[in-house]
Number of protein chains: 2
Amino acid sequence: MKPTTLKDIAIKLNISVTTVSKALKGYSDVSKTTRAAVFEQAEKMNYSPNSVAVNLRTRQTKTIGAIIPTITHHFFSKVIDGIIEEAEKNGYLVIILQSEESVKQEKKLIKLLMNKRVDGILMSLAADNDTSKHLKKVIDAKIPLVLFDKISKISNCSKVVINDREASYNATTLLINSGCRRIAHFRGPLNPQNSIDRYLGYRKALEDNNIEFDRSLIYTCKNVTFEEGYKFAKEIHEQNKDVDAIFAITDLVAVGAIAYLNKAGIKIPDEISVIGFSNWFMSAVISPPLTTVEQPGYKMGKKAVKLLFEEINSSNKGIDFEPKTIVLKTKIIKRKTTFS
Amino acid sequence: MKPTTLKDIAIKLNISVTTVSKALKGYSDVSKTTRAAVFEQAEKMNYSPNSVAVNLRTRQTKTIGAIIPTITHHFFSKVIDGIIEEAEKNGYLVIILQSEESVKQEKKLIKLLMNKRVDGILMSLAADNDTSKHLKKVIDAKIPLVLFDKISKISNCSKVVINDREASYNATTLLINSGCRRIAHFRGPLNPQNSIDRYLGYRKALEDNNIEFDRSLIYTCKNVTFEEGYKFAKEIHEQNKDVDAIFAITDLVAVGAIAYLNKAGIKIPDEISVIGFSNWFMSAVISPPLTTVEQPGYKMGKKAVKLLFEEINSSNKGIDFEPKTIVLKTKIIKRKTTFS
DNA sequence: CTGAAAGCGCTTACAG
DNA sequence: CTGAAAGCGCTTACAG
């Protein structure tokens, strides 16, 4: 009942394991007859090569690891979709792991992946990343590493990102151009780079349009949830702040805000405009449909894998690889929560 | 730059590889001094055990594979969340693969996983499954297999499901109890078991309430998409069918229907009630919020992994394992698209 | 308490 | 064209 091995085939055919191996791998120095016999026998015995043995011998596992905060966010599931597809196309399998937004967990997972001798690692960082020491360990161990979406600027590895600052600048500008002046920003936590960048893009847009920045219009999400969006919108309403627009760090938060505004009977966009970020699936189907920034998750996953393979291939050939950063284009999807 | 091996440590300490291995694994027949020296040296040399070698030797990879139709569906991402978490808790890593609803792809992926010598496989089947021959191969090879959600009834392996027929019966009954009589069913493709079961539950509910079954009220989704929901709702409206409720195979389809009804100015639930299935995240946030059947994805993932480990552990001990089927409870989440 | 030896299932440089 | 041998990095039964 144990799987057939090369040895089993060799014995059956009364030839050496070496020859069986070579025949199966299509080496030219095997006679046609032998090759045919081997293939026939392998088929008959249902031979399936033991990857573990191959991996040990070739020092490649043809497996990569991906660590993301959580798979249940639509954006990340799209990224993973892209990753799996691109990896598989290249004969690689992918192990998915979730950091649950914790660096501590991240460290543990990296260790697991390194023990597993994956050929490369893909990561989108946890929000509480205050260090990148654990990333340095990966880089120092010469394991190809590509960061995407939530990255650490100081780490010396390849990255795939969007221009968060620019995208956020454009989103805010759209609001301004449609007449909004008192624009609240529901920002993300203080650490993550993309949360910072989106905040900065927002401020820059204000500045370039001579709109005074008002700190009291900044709301900071700790967990970037629907509930927080709801809560902050409620606060704005109940405290009678003269806000005419909300720019949320992500669609989930924007949808929470919309839920409150709808409930409170506040007209969108007539009284308050709303713009989100990421273009989650639900954003197109809620009411009113949400104007948002399209963030190309699927493409980001594919690009990250491609970069990773570039690096893996270089290092296989012993060539030094110069880390690259790819910036993906975003665009605004205009729907019904803003005047366009 | 290559990772440290046991041999490296042994040489440094002038002892045998055997002893290093035993010390690291906490065997009792190693002196305290030696053990301490080994640990210190391992730490210093940044030793990380090579799982590939361990796997080859122990004939276990501590890795399982999961094949699902697609990760980007919220339900599946919840299942995967549960799978990864439960697996990790038990020291297992998981390789995720997508069948894209194709049996052909499924076969290919199974082969990959078998070559990889994963310790077990978790699957939710592609919609076009007309055969379970490829599953039989897995079972015959004695690789623990657990099917979930979309299963093949005839396969002799463990399963984790919900009672689709009953859940669907209850959903339809809710519609009937709230006064609906002309209930359209947007069903799934003809092959998948859960699509069949939901259809049968719908019919049974009609029958038990003496409502005549009308074939013209059955719409069959090929791909189970938003667009199909939208299209069928439109058809119903444009053909002036006297329909007072829609029961959709899944929330995505229901949301499509709602989108059309909203657009056409048809009042929900006053003119047409809508009920979905699965409780996708968006269902709570669309307008009106969708009444639906809660399908416990996260729990399903966890349970499937637990069952798989039961089987893996039995087979490690050489005990025969009798496949089990776990039926998870569902409940109806009443929101605003139905009268309750 | 320590270690030599065998072996997991492959691949590949080398000899013939 | 074929095959013996070494080796990838471990674990473990066995001997001392």
Side-chain angles (χ1 to χ4, degrees), chain A residues 1-39 41-42 45-63 91 112 114-119 141 316, chain B residues 1-39 41-42 45-63 91 112 114-119 141 316:
Chain A
M1 209 60 266
K2 271 195 298 183
T4 304
T5 65
L6 291 183
K7 200 174 162 193
D8 297 331
I9 298 176
I11 291 174
K12 201 84 180 179
L13 258 34
N14 230 316
I15 55 178
S16 75
V17 169
T18 304
T19 304
V20 176
S21 172
K22 286 202 269 194
L24 252 15
K25 297 192 71 188
Y27 278 42
S28 58
D29 61 346
V30 178
S31 76
K32 270 199 173 164
T33 355
T34 309
R35 186 200 317 281
V38 168
F39 270 96
Q41 194 58 232
M45 299 177 78
N46 220 334
Y47 175 72
S48 126
N50 184 332
S51 307
V52 180
V54 176
N55 297 342
L56 181 60
R57 181 57 226 237
T58 60
R59 300 162 154 290
Q60 281 192 43
T61 52
K62 292 284 179 181
T63 304
L112 246 36
M114 286 177 72
N115 290 357
K116 195 78 188 174
R117 298 294 188 270
V118 291
D119 295 339
N316 282 350
Chain B
M1 210 59 269
K2 268 196 297 184
T4 305
T5 65
L6 291 184
K7 200 173 160 193
D8 297 331
I9 299 177
I11 291 174
K12 201 85 179 179
L13 259 30
N14 232 315
I15 55 176
S16 75
V17 168
T18 304
T19 303
V20 176
S21 171
K22 285 203 270 193
L24 252 16
K25 296 191 73 189
Y27 277 41
S28 59
D29 62 345
V30 178
S31 75
K32 271 199 173 166
T33 355
T34 310
R35 187 200 315 282
V38 168
F39 269 96
Q41 194 58 231
M45 300 177 78
N46 220 333
Y47 176 71
S48 127
N50 184 331
S51 307
V52 181
V54 176
N55 296 342
L56 181 60
R57 182 56 226 237
T58 61
R59 297 162 156 291
Q60 281 192 40
T61 53
K62 293 282 180 181
T63 304
L112 246 34
M114 288 177 71
N115 290 357
K116 195 78 187 174
R117 297 293 189 269
V118 291
D119 294 338
N316 283 349

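The analysis underlying the following values was restricted to heavy atoms, covering all of them including side chains, and did not include hydrogens, waters or symmetry mates. Each chain gets a letter, A, B and so on, in the order its sequence line appears, and its residues count up from 1. Please read all numbers here as calculations on a predicted model, not as lab measurements.
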Is any side-chain N or O of [X] closer than 4.0 Å to OP1 or OP2 of [N]?
| X | N | result |
| --- | --- | --- |
| Tyr47(B) | dC10(D) | yes |
| Thr19(A) | dG3(D) | yes |
| Thr34(B) | dT2(C) | yes |

Checklist entry - Just checking, is any N or O donor in the side chain of Ser48(A) or Arg117(B) under 3.5 Å from an acceptor N or O on the other one? => result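 Present: a donor and an acceptor within the cut-off.
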Next on the checklist: Assuming nearest nucleotide by heavy-atom distance, tell me which of Arg117(B) and Arg35(B) is located more 5' along DNA chain C.
Outcome noted: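 With Arg117(B) and Arg35(B) compared, the 5'-side residue is Arg35(B).
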Where [X] and [Y] come nearest, the two heavy atoms and their spacing:
| X | Y | value |
| --- | --- | --- |
| Asn316(B) | Gln60(B) | ND2-NE2, 3.5 Å |
| Lys116(B) | Thr61(B) | O-CG2, 3.8 Å |
| Asp29(A) | Lys22(A) | OD2-NZ, 3.4 Å |
| Leu24(A) | Tyr47(A) | CD2-CE2, 3.8 Å |
| Leu13(B) | Gln41(B) | CD1-NE2, 3.6 Å |
| Lys7(B) | Val17(B) | CA-CG2, 3.8 Å |

When you compare the protein's N or O atoms with those of nucleotides 12-16 of chain D, which come within less than 3.5 Å of each other, and at what distance?
| residue | atom | partner | partner atom | Å |
| --- | --- | --- | --- | --- |
| dT12(D) | OP2 | Lys25(B) | NZ | 3.2 |
| dT12(D) | OP2 | Tyr27(B) | OH | 2.8 |
| dT12(D) | O4' | Arg57(B) | NH2 | 3.3 |
| dT12(D) | O4 | Thr18(B) | OG1 | 3.3 |

Give the rounded distance in Å between these two atoms: [atom1] of [X] and [atom2] of [N].
| X | N | atom1 | atom2 | result |
| --- | --- | --- | --- | --- |
| Leu24(A) | dC10(C) | CG | P | 9 Å |
| Gln60(A) | dC10(C) | CD | P | 17 Å |
| Lys2(B) | dC8(D) | NZ | C1' | 9 Å |
| Leu56(B) | dG7(D) | CG | C1' | 12 Å |
| Asn115(A) | dG9(D) | CG | P | 15 Å |
| Arg59(A) | dG9(D) | CZ | P | 4 Å |
| Asn50(B) | dG7(D) | CG | P | 17 Å |
| Leu6(B) | dG3(C) | CG | C1' | 14 Å |

Checklist entry - Does Lys32(A) have any side chain to side chain contact (heavy atoms under 4.5 Å, CB included) partners at least two apart in sequence or in another chain, and if so, which? => result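 Here no residue qualifies.
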Checklist entry - With sugar-phosphate meaning primed atoms plus P, OP1 and OP2, does Ser31(A) contact a base, only sugar-phosphate, or nothing at under 4.0 Å between heavy atoms? => result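 It contacts sugar-phosphate atoms only.
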Next on the checklist: Give me the stems containing DNA chain D, sorted by first residue, counting only three or more consecutive Watson-Crick or G-U pairs with both distances under 3.5 Å; say none if there aren't any.
Outcome noted: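 So the stems come out as C:1-3 with D:14-16, C:5-12 with D:5-12, C:14-16 with D:1-3.
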Checklist entry - For the side chain of Asn115(B) and the backbone of Leu112(B), is there at least one donor-acceptor N/O pair under 3.5 Å apart? => result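 No: the side chain of Asn115(B) does not pair with the backbone of Leu112(B).
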